[in-house]
Each structure stands twice: as structure tokens, then as C-alpha cells.
Trainee: 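Below is a structure I'd like to ask you about.
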Number of protein chains: 2
Amino acid sequence: MKIDLNFSKDIIKEEELDSYEGDIFSIHNCLHSKDEYERMPLGWIDLPERYDGKEIENIKKTAYRLRSNSQAFISIGIGGSYLGSRAAVEMMQSDSPEIYFSGNNFSGTYIQQIVNKVKDKDFSICVISKSGTTLETAIAFRVFRDMLEKRYGKAEAKDRIIAITDKNKGALREIANKEGYETFEIPSNIGGRYSVLTPAALLTMAVAGINIEEVMKGARDAYSSYNDPKLQSNNCYRYSVLRNILYKKGKHIETLINYEPSMEYFGKWWQQLFGESEGKEGKGIFPAVLQFSTDLHSMGQYLQEGSKNVFETIIKVKNPPEDMNIPCFDDDIERLNYLKDMTFNDISNIAYKGAMKAHEEGGTPVISLEIPAIEEQCFGHMVYFMEKACAVSGYLLGVNPFDQPGVELYKKNMHKLLDR
Amino acid sequence: MKIDLNFSKDIIKEEELDSYEGDIFSIHNCLHSKDEYERMPLGWIDLPERYDGKEIENIKKTAYRLRSNSQAFISIGIGGSYLGSRAAVEMMQSDSPEIYFSGNNFSGTYIQQIVNKVKDKDFSICVISKSGTTLETAIAFRVFRDMLEKRYGKAEAKDRIIAITDKNKGALREIANKEGYETFEIPSNIGGRYSVLTPAALLTMAVAGINIEEVMKGARDAYSSYNDPKLQSNNCYRYSVLRNILYKKGKHIETLINYEPSMEYFGKWWQQLFGESEGKEGKGIFPAVLQFSTDLHSMGQYLQEGSKNVFETIIKVKNPPEDMNIPCFDDDIERLNYLKDMTFNDISNIAYKGAMKAHEEGGTPVISLEIPAIEEQCFGHMVYFMEKACAVSGYLLGVNPFDQPGVELYKKNMHKLLDR
């Protein structure tokens, strides 16, 4: 597959991109150098080429077992251990079991609702945390572990709990070893928000019936496509450069726009990826997520005529999974029978082109990324595209796209405030 | 009830607010004048005092009938005819029927999924559109009208279709008259995004089992509370003024933050209200919606250390509907047994205070709005609070907070592009 990239040529000239050729060449060589690989958590960059096929097999086997003994499955994690798998599940899940996401907030109401939903069902869980001490995740894990042990007894409960954590250290690793849980590993050289193509997200995806081998195939395809140091022919780098150009032109907000409602959580995963990678040292583009055409009837006003501090990045799916015709009525009072040869998706395409043109004319630049379909390979491809584009964006901005000192501060504060 | 308002006193001084006293006094008098009422769509401003109790009774009766003959209910609308009712349903629905929202996008996949969900259930629908020609809504209405007529025959289908539209004119009014649908009226002097307390949202809420009399009671309470021309004692006006002060200080992005996941769509309703009211003439604060503590693990980084162009408005619920204790384990490997006397909501309160303090120290100003609970009266109160705060914000910014020329342009373009 490929991602078609287009942008507002009236607002950005091709020559502006060309001036980044040298920078991109250097960043490419740096990112792919042995030194940088040892210095930075760059394990994600060549993962699609070197991942362990046997581990994928093991994930599939475990998922098969859980799918056969569970009507519901709870994926317990937050941040990078949450958004990637939820994005995939919302885009591609087609059958049972019911998938719930917990451990991503402190709301007593939210967790009680999940408890109510699974209390009369056979269920199993996975808990995803490198350290095992991230508080939202750790306390939700306690709730469902307790529920499983009371329901099934310790011996059976342990077969319904999967721990995804660091290979050797941390509280969750210790618990898993002691209790005899099956475990999968979050590689130590891959940060949370870059971990979608690791067990951190793959197990939940497989339990939801998503073909994870196809996901990895898509990522491998993207790895080759974007392993090209030449800016002109590398759409991933072109996206990074366009963002940087627009940021310098005062466009400090990027809205990621989907036309398919099932992609909302892909947007939220993207928001974490870029917000957490770039938002530091007083810099960074503010990433926001919108759904079209829904939000053309709300934020459309701002994008058309509001402050000129925004640009749009649209993900457009060429062939969405389903479609529908527009019924005719004899009386045709609203005069819509003329649409009888069009489908919903046909009209969506027209809205897409129309809104893009109107917003550009209103002074809001648009980058469009067209993908062929909402399928496993496309998902893997898009994930890798965004991860690499994000890393390059960070280097262009002059920040470290792999740390998150502000989030660590929050985690530390929480433990301090709780009086430990 | 009351809304407690607090803000970062290190960043904004009380004297800065005081300097707005005269402006606020004038805007208050203007908004409440007979002239302005005739000139502008201000029907929402005194609605809580003058609404028709008999209409509320009729909505309740219809809702009762639909609840008894429907396992599922589809609310078909977009923008102001969608977000308000969805906000209420997600916050407060406790029982059946299943509520679906359609007519808010062009995705063939999305509508097919709803068709699949209701196809083996008894269902009914309402369609909400002033004109009846808003395309997303009009074509979704065709799909479900067709489905109902084929399933139940025209005669029974008509009792399962409610039209909420203009009193006299428009395509939907014409269809309803011809087919004999029951109808409710969207008042002509209330714009879409200000229409939550009208049948546009109230019918769907009542079908979802929400007590709409209590909602109106909360709004009436808010009407009196914020009908006070003195800035110092009017928290609604203080919120508008704080926003304006921060906008002038270069904080061009406002994030509305909820700690309760069920309030996400309240955030999206707020986003439309403010984005569409202020985003014009090259001006306006960009409204974005975040969930905490979820997003403390993603956008938390940006808010702590990123570009200094953001402020936070937090809605904190003092007594959320449910809560849960944290189970103890004998081995206590993660060392969390010390939390045994705390609940999820206790920890949420600590996260709230901790994050607020840390973000303020990082240079991100915070406005906090504390509400007592997630209940009907609070919802009605909050809606009115935000509507009035939004109108006053528009006047302070010098834009008309009641029009949406950019959205009208999109709607017109769509019909043109479809070659009418």
C-alpha cells in the first residue's frame, strides 16, 4: 500500500520543502546510526524487520485460548499501553469477545460500570505496565484480579491474567513470577507511545480477532517505504517537514481529522504520540482531534473564519469497509431522489473535497493523507508512518522526541501526594 | 446548587477582573434588553423562566410511549441537534432503551453498523432539523424511515417517527404534516447550539429515562443565579472575563478537562458552543477537549512543558455517582495496601489538586469549575451557565456569538457540489 500525501500548494511552495533536504538527510542518517540506536530508545525503528515471529505465534495462541474461554476481556493500561490497542480495536474488531479498557483513569463510576458489565460473564484480563506502579493501572488491576480470584479461585484465575511488562524488573514482573501468570515483554528500548507493534498492544488486538501478522506485514512495508533518505520521495519525511514549515508560519495547532468515526481513537493515539514527543522546552504544535463531517457543523466555523493559528491533517480512507445507498421516496419533499445513484461514501468524498477547498480559501492549510482501507496492513503501515514522522518532527524542532519529563513529574507527584 | 469557580491567582490578579466591571454591566443590560431580544436569537436567555410546562408534559408522554414499545431509539441530528442530547445521555442514562445517534456524518460504515444493531429489535426514531435539508440528517432519516415502513407498514411506522423541526416551514415540517408524524417545535429564536433545553434535545433525553423536569429546574436555578449584573458575584460572567483576559495574554487554546469519562460529550457540546460562537473574523479561542487523568499520560506533557499558548478549564464533580475501594493483597508486592482506606474518587481528587498545582507552576493557567454531582439539575444548571458565558464571551470579543456563516457556507457548498 501507499499513503498519498497532498497539501495546500497555495500556502506552501515545493521550494520551501526542498530547503529541508539537507536537514532530513542528516536526521535520517542519525536516526539509522548505530550510535543513536544505543543512545536513544529507538527499538521501534527497525522492529518491523527484526521482530520475533515466535512471539507473534505465542501471542496468537494465548489470544486463541482467551477468546475461547472469555465472553469479555479487559485490557488494563494507560497512555501508550492503552491508546494504540484501543485505536486498533475500534477500527477493526468485528466479533466477540467484548473488549473493555480499564486502568486509564481514577473514576470510581467508570470502573464500577465495567465491573457491572462483566460480573455475569466469563472474562479474562491483561495488565500492561512497564513498572507495575503506574497508579491508575495498578489499582484497576487489583480490582479485577480480586474479582477473578474470588470468582474462579486462585488456580483458575491465574490462567485468566496476562501480564505485559519489563523482561526482568518491576513490581508487575515480580507479581507475575510469584503468581505464575503468563507474561509478554515490553522491550526496554521502546517507549510507551512507540509500543503499538509490541505485545503492549498486540495481545489485546489479537484477542479482539485482529490479524496481527497482517499488522506487522503493513509495518514492514512501511519500514521499507520510509527508509529512503531523499525528502522528495519520502512521504513520511514530507509530512514532518510540512508540519515544521507550518509551525514556523505560526500555525501552532494541528487538527487530525477523520471522516470515519471508527478512527477517533487512532486520532487520540496520534495526539499522545505527537503531544508528548514535541510538547517540551516551551515548544510544540498543539495536537487536537476532530471528526468530519460531524465537526464541520461545530468546529467548521472556527476552521473557516476563526483565528488563523490552525492547520488540518486529514486522514481519508479511499475504500471504507461498508457503504449504503440513499432510499428514494415517491413524494420526495426534501428533493433528494436525485441522489439515488450515490452512496453515503460518495457524498462523504464530496464533503471531503468541498471542505478542503473552502478551508484553504479561508486561510487554513490542509495536509491530506489518503489510505486505501481500514484493514490490518493499513493500520500497521500508518502506525509506523506516524512514529517515524513524529521522531523526525522532534529532531527538526530540536527536542528529544522520546522522553516525557512532564509526565514523569506527574507520576512522581502522585506518589508524593499520597504520602508515601 | 452552585458552581464554585477558582483560578490561578498567581497568573491573573483580581484587579484585572475588576477592570471589566463596566463592560459586563453594559453587556448584561444589552443581553437582557427588549431591543436585543428582538434583534438576536436570544430565546434561550429567559427560556428557563417561560418555557411551556404543557410541552414538557407532552414530551414525557411521548417518551413514555416510545420507551414502552422500543428496545432501541435512534436520535437523528447533527451539531446542536446532536451534541447536547448525547452529552446528557452519556452522563445520565441508566436504563433501556438503547440510544443510538445517527445523521451526524456521511460514513456508510457508521450507518450500516447502526442498521445492524437495530435490525432485530423494535425501534423508533426522532429526526431533528430546523430546515429538514441538512444533508447528513436528511439522508440518515431516509434510511431509517424506509426501514421502519418496510418493517411495520406505513401506518405503524408513522407512530414510531417523531419530527422535531420549525413550527411552520421547511421540508421536515412538510413531510411530518403529510405523513401525520407527531412533532415538536424548535423555537425560531433559539439557534442550534443554544437549543439543549428545547425539544431538540429534551425528547431524546426523556426517552433515555432522564428526568427533564429536573433538568429545567436546574436551568431555572441558573437563570436566577446568573441574572446578576455585578461581575464580582456572578461566576458565569467571571468565567467569560477570565477567558477574555487569558486570550489577551496569548493563551489562544482552551482545553475543557473532565475527570469523569461520562462527561466527554459534554465537552464536545461545549466545544461546538464556544468554537462556533467565537471562531470568526479571524478571532477566537480554539476549544479542545481532554479527559483526565487519562490525558495526563499523553497531553499532560504538553500542558506541563510545551508551548505556553494554552489554559485549562476543569470541570470537577464533587460527588460522582459511584465509587470503589481498592482491594488489599497479602503479599502487597506493588506496596499499595496503604491505600486501603481510600477510594478511586479520593485518589482522583488528589490527582486533580496535584495536576492543577503542577500545571500552574509550569505556566499553564487553570480555571476550575466544581459542580456537586452528575444529576439532572446540575446538567441543566451547567448548560445555562455555559450558554450565557458563551454569549457574554462573544460580546467581549466583539463578534456575534449567534451566527455561523462558515458553517452555512459549508452547507451551501455541499448542495452546490452535489450539482443541484
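Here the structure is a predicted model, which is why all the values come from computation and not from measurement. Only heavy atoms go into these numbers, but all of them, side chains included; no hydrogens, no water, no symmetry mates. So that the names make sense, note that chain A is the first sequence line, chain B the second, and so on, each numbered from 1.
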Trainee: Begin with the C-alpha distance, continue with both residues' side-chain angles, and end with the deciding distance and a verdict on side-chain contact (heavy atoms from CB on, under 4.5 Å) for A:Glu305 and B:Leu409.
Mentor: CA-CA 11 Å; A:Glu305 302 187 339; B:Leu409 180 74; 5.7 Å; no
Trainee: Answer with side chain, backbone, both or neither: which region of A:Ala138 has an atom nearer than 4.5 Å to a non-hydrogen atom of chain B?
Mentor: both
Trainee: Does any backbone or side-chain atom of A:Ser131 lie under 4.5 Å from a heavy atom of chain B? Answer side chain, backbone, both or neither.
Mentor: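 For A:Ser131, there is no contact with chain B at all, as no heavy atom is under 4.5 Å.
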Trainee: Report which part of A:Ser262 has an atom under 4.5 Å of a heavy atom belonging to chain B: side chain, backbone, both, or neither.
Mentor: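 Contact with chain B involves no heavy atom of A:Ser262 at all.
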Trainee: Between B:Gln304 and chain A, which part of the residue has a heavy atom less than 4.5 Å away: side chain, backbone, both or neither?
Mentor: side chain
Trainee: Might you work through the side-chain contact (heavy atoms from CB on, under 4.5 Å) test for B:Tyr259 and A:Tyr110, ending with a clear yes or no?
Mentor: CA-CA 10 Å; B:Tyr259 274 82; A:Tyr110 181 85; over 6 Å; no
Trainee: Looking at A:Ile326, A:Ile253, A:Leu303, which makes the most heavy-atom pairs under 4.5 Å with chain B?
Mentor: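 The residue among A:Ile326, A:Ile253, A:Leu303 with the greatest pair count is A:Ile253.
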Trainee: Among A:Tyr410, A:Phe141, A:Phe292, A:Tyr82, which residue has the highest count of heavy-atom pairs closer than 4.5 Å to chain B?
Mentor: A:Tyr410
Trainee: Need one label for A:Tyr352: side chain, backbone, both or neither, based on atoms under 4.5 Å from any heavy atom in chain B.
Mentor: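 The answer is neither part of A:Tyr352.
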Trainee: Quick one: are A:Leu418 and B:Tyr338 in side-chain contact, heavy atoms under 4.5 Å?
Mentor: yes
Trainee: Based on non-hydrogen pairs under 4.5 Å, which of B:Val399, B:Asp332, B:Thr134, B:Asn349 is most in contact with chain A?
Mentor: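 Of the candidates given, the most pairs with chain A belong to B:Asp332.
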Trainee: Quick one: of B:Pro321, B:Ser277, B:Gly354, B:Pro320, who has the most non-hydrogen atom pairs under 4.5 Å with chain A?
Mentor: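 Top count of heavy-atom pairs under 4.5 Å with chain A: B:Pro321.
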Trainee: Relative to chain B, which segment of A:Gln301 carries a heavy atom at a distance below 4.5 Å: side chain, backbone, both, or neither?
Mentor: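 Both parts, backbone and side chain.
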Trainee: Using non-hydrogen atoms only, which part of A:Val289 is less than 4.5 Å away from chain B: side chain, backbone, both, or neither?
Mentor: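 Contact with chain B is absent: no heavy atom of A:Val289 under 4.5 Å.
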Trainee: Is any side-chain heavy atom of B:Glu281 less than 4.5 Å from a side-chain heavy atom of B:Leu397?
Mentor: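 Not in contact.
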Trainee: So what's closer than 4.5 Å to chain A heavy atoms on B:Glu408: side chain, backbone, both or neither?
Mentor: neither
Trainee: Which atoms of B:Asn309 come close to chain A, meaning under 4.5 Å heavy atom to heavy atom: side chain ones, backbone ones, both, or neither?
Mentor: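 Contact with chain A is through the side chain of B:Asn309 alone.
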Trainee: Kindly indicate whether the side chain of A:Thr133, heavy atoms from C-beta on, has any atom under 4.5 Å from the side chain of B:Leu336.
Mentor: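 No, every pair of side-chain atoms sits at 4.5 Å or beyond.
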Trainee: What part of A:Asn337 gets closer than 4.5 Å to chain B, counting heavy atoms only: side chain, backbone, both or neither?
Mentor: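 Both backbone and side chain.
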Trainee: So what's closer than 4.5 Å to chain B heavy atoms on A:Asp403: side chain, backbone, both or neither?
Mentor: neither
Trainee: With side chain to side chain donor-acceptor pair (under 3.5 Å) as the test, pick out the partner of A:His297 among B:Arg193, B:Glu136, B:Gln272, B:Gln404.
Mentor: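 The residue from B:Arg193, B:Glu136, B:Gln272, B:Gln404 that satisfies side chain to side chain donor-acceptor pair (under 3.5 Å) with A:His297 turns out to be B:Glu136.
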Trainee: Do you know which of B:Glu322, B:Met324, B:Lys280 has the most heavy-atom pairs with chain A at a distance under 4.5 angstrom?
Mentor: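 Answer, by heavy-atom pair count under 4.5 Å with chain A: B:Glu322.
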Trainee: What part of A:Ile374 gets within 4.5 angstrom of chain B, counting heavy atoms only: side chain, backbone, both, or neither?
Mentor: neither
Trainee: Pick from A:Gly275, A:Ser293, A:Gly284: which one has the most heavy-atom pairs with chain B under 4.5 Å?
Mentor: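 Top count of heavy-atom pairs under 4.5 Å with chain B: A:Ser293.
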Trainee: Can you tell which part of A:Glu278 gets under 4.5 Å to a heavy atom of chain B, answering side chain, backbone, both or neither?
Mentor: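 Looking at A:Glu278, nothing touches chain B.
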Trainee: Side chain, backbone, both or neither: which part of B:Ala351 has a non-hydrogen atom closer than 4.5 Å to chain A?
Mentor: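 For B:Ala351, backbone and side chain are both near chain A.
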Trainee: What part of B:Lys411 gets within 4.5 angstrom of chain A, counting heavy atoms only: side chain, backbone, both, or neither?
Mentor: side chain
Trainee: Non-hydrogen atoms of chain B under 4.5 Å away: do they reach the side chain of A:Leu172, the backbone, both or neither?
Mentor: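 No part of A:Leu172 comes within 4.5 Å of chain B.
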Trainee: What part of B:Tyr247 is in contact with chain A, defined as an atom under 4.5 angstrom from a non-hydrogen atom: side chain, backbone, both or neither?
Mentor: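 For B:Tyr247, side-chain heavy atoms alone lie under 4.5 Å from chain A.
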Trainee: Go through A:Asp323, A:Thr109, A:Leu273, A:Asn104 and name the one with the most non-hydrogen pairs under 4.5 angstrom from chain B.
Mentor: A:Thr109
Trainee: B:Ile139, B:Val407, B:Asp146: which one forms the most heavy-atom pairs within less than 4.5 Å of chain A?
Mentor: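 Looking at each option in turn, the highest pair count goes to B:Ile139.
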Trainee: Does the side chain of B:Lys251 reach to within under 4.5 Å of the side chain of B:Lys308, using non-hydrogen atoms?
Mentor: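 The answer is yes; the side chains approach within 4.5 Å.
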Trainee: Taking the side chain as every heavy atom from C-beta outward, state whether A:Met299 and B:Pro287 have any atom pair closer than 4.5 Å.
Mentor: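 They are in side-chain contact.
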Trainee: Mind ranking A:Val143, A:Asn413, A:Leu83 by heavy-atom pairs under 4.5 Å with chain B and telling me who comes out on top?
Mentor: A:Val143
Trainee: Please report the C-alpha distance between B:Phe329 and A:Glu149 in whole Å, then the side-chain angles of each, then the deciding distance to 0.1 Å, and finally whether the side-chain contact (heavy atoms from CB on, under 4.5 Å) criterion is met.
Mentor: CA-CA 11 Å; B:Phe329 285 93; A:Glu149 291 185 356; 3.6 Å; yes
Trainee: Should the pair A:Lys178-A:Glu174 be classified as a salt bridge under the 4.0 Å nitrogen-to-oxygen rule?
Mentor: no
Trainee: For B:Val115, which atoms come within 4.5 Å of any heavy atom of chain A: side chain, backbone, both, or neither?
Mentor: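 The side chain, not the backbone.
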Trainee: For the candidates A:Ala140, A:Gly79, A:Pro261, which exhibits the highest count of non-hydrogen atom pairs separated by less than 4.5 Å from chain B?
Mentor: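 Most heavy-atom pairs under 4.5 Å with chain B: A:Pro261.
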Trainee: With chain A, which of B:Ile285, B:Leu290, B:Leu135 has the greatest number of heavy-atom pairs at distances under 4.5 Å?
Mentor: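 Among B:Ile285, B:Leu290, B:Leu135, the one with the most close pairs to chain A is B:Ile285.
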Trainee: Under 4.5 Å between any side-chain heavy atoms of A:Asp331 and B:Glu179, yes or no?
Mentor: yes
Trainee: Check whether A:Thr255 gets within reach of chain B through its side chain, its backbone, both or neither, counting any heavy atom under 4.5 Å.
Mentor: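 Contact with chain B involves the side chain of A:Thr255 alone.
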Trainee: Report the C-alpha separation of A:Val127 and A:Arg145 in whole Å, then their side-chain angles, then the decisive distance to 0.1 Å, and conclude whether the side-chain contact (heavy atoms from CB on, under 4.5 Å) test is met.
Mentor: CA-CA 10 Å; A:Val127 51; A:Arg145 176 185 166 191; over 6 Å; no
Trainee: Any luck finding a side-chain donor-acceptor pair between B:Arg142 and A:Asn325 under 3.5 Å?
Mentor: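 Their side chains do not contain a donor-acceptor pair, so the 3.5 Å distance test is not met.
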Trainee: Is the shortest heavy-atom distance from the side chain of B:His359 to the side chain of B:Leu296 under 4.5 Å?
Mentor: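 Yes, their side chains come closer than 4.5 Å.
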Trainee: Give a yes-or-no answer on whether the side chains of B:Ser348 and B:Asn345 include a donor-acceptor pair shorter than 3.5 Å.
Mentor: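 There is no such pair (donor and acceptor under 3.5 Å, judged by atom type) between the side chains of B:Ser348 and B:Asn345.
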Trainee: Is a salt bridge present between A:Glu361 and A:Lys357, judged by a nitrogen-to-oxygen distance below 4.0 Å?
Mentor: yes
Trainee: Do B:Asp346 and B:Thr343 meet the criterion of a side-chain donor-acceptor pair at a distance under 3.5 Å?
Mentor: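 There is such a pair between these side chains.
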